[in-house]
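Beneath this line is the structure, given in structure tokens, with notes to follow.
Given the structure is predicted, the values throughout are model-derived calculations rather than measurements. When a residue number appears, it is its place in the shown sequence, counting from 1.
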Amino acid sequence: MRDNNVKPSMSRRGNCRDNAVAESFFATFEKRVIKRKVYSQRDEAKTEILNVIEMFYNPTKRHSHKGGVSSAKYEEQYFLESNRV
């Protein structure tokens with residue numbers, strides 16, 4: 001990281017905010033998809049995980065830390081604004 005002039009996005013040890021986005025995703029995923037579910041094959045689980053991420057979580061689920069828009073919409077707005085400069 002030092003060689004590439006990159007700063008880690010972590011604060012002090014044990015700070016729950018460091019992992020808040022990942023924790024939020026997995027909480028949503030567990031509630032909506034895998035609660036009490038057993039997959040018979042790994043490919044079945046992989047397909048469902050990909051579908052949840054690409055068909056629901058990124059394009060549809062709104063996030064308060066992104067101004068109440070989905071990840072896909074936020075990214076679209078970001079690139080539109082960055083191309084105007």
Hey, what do you get for CD (E44) to CD1 (I49), rounding to the nearest 0.5 Å? 10.5 Å
Nearest-0.5 Å distance that lies between atom OG1 in T60 and atom CD in E54: 11.0 Å
Over 12 foreign heavy atoms within 6.0 Å of CD, E75: no
Side-chain heavy-atom pair Y39, I34 within 4.5 angstrom cut-off: yes
Quick one: do Y78 and V69 end up in the same hydrophobic cluster if we chain Ile, Leu, Val, Met, Phe, Trp and Tyr together by side-chain heavy atoms under 4.5 Å apart? no
Decide yes or no for F56 and V33: does some side-chain heavy atom of the first lie under 4.5 Å from some side-chain heavy atom of the second? no
Return the CD to CZ distance between E30 and R36, rounded to the nearest 0.5 Å. 12.5 Å
